[in-house]
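Report on one structure; see the data block that follows.
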Amino acid sequence: MVNAVKGLYVSCDIPMAQFIINMNASLPQSQKFIIHVLDNTHLFVRSDMAGMIRSAIAEFRDANTYEKPA
């Protein structure tokens, strides 16, 4: 019997994939969103969590962007 799961394919660089994996690991079991880690740069995640992942990545990038002092 075939078991199909609806999800979202994420392709990113290794540091961003590690950020997403660590974010997933910090959540309780009922809220985990990674269905399968395909390799170092590709993940298969729950499609209903796409907005949350995008906003967390945006916050991470904003926090780690260099701004030249005035």
Side-chain angles (χ1 to χ4, degrees):
M1 179 174 213
V2 176
N3 223 1
V5 177
K6 186 175 182 179
L8 183 68
Y9 176 76
V10 177
S11 179
C12 55
D13 59 359
I14 294 173
M16 191 55 64
Q18 286 302 309
F19 172 74
I20 295 170
I21 291 168
N22 288 335
M23 183 173 62
N24 183 67
S26 69
L27 295 173
Q29 186 64 35
S30 62
Q31 295 179 347
K32 293 196 184 277
F33 54 84
I34 294 180
I35 298 169
H36 191 71
V37 177
L38 303 172
D39 63 21
N40 289 337
T41 60
H42 301 97
L43 308 168
F44 189 60
V45 300
R46 289 181 13 206
S47 58
D48 61 325
M49 300 299 276
M52 189 269 298
I53 296 168
R54 284 188 181 117
S55 65
I57 289 172
E59 289 175 19
F60 177 73
R61 286 186 176 166
D62 289 343
N64 291 301
T65 300
Y66 176 75
E67 293 181 19
K68 187 176 179 180

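- Checked against side chain to side chain donor-acceptor pair (under 3.5 Å), D48 has the following partners two or more places apart in sequence or in another chain: R46.
- L8 pairs with exactly one of V45, I53, I35 by the side-chain contact (heavy atoms from CB on, under 4.5 Å) rule, that one being V45.
- Residue pairs that meet the salt bridge (charged side-chain N to carboxylate O under 4.0 Å, His left out) test with at least one member in residues 53-69, sequence neighbours left out, do not exist here.
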Sequence neighbours excluded and cut-off under 3.5 Å, please list the side-chain donor-acceptor pairs for residues 10-30, or say none.
residue: S11; atom: OG; partner: H42; partner atom: NE2; Å: 3.3
residue: D13; atom: OD1; partner: M16; partner atom: N; Å: 3.2
residue: N22; atom: ND2; partner: Q18; partner atom: O; Å: 3.3
residue: N24; atom: OD1; partner: F33; partner atom: N; Å: 2.7
residue: N24; atom: OD1; partner: I34; partner atom: N; Å: 3.3
residue: S26; atom: OG; partner: M23; partner atom: O; Å: 2.8

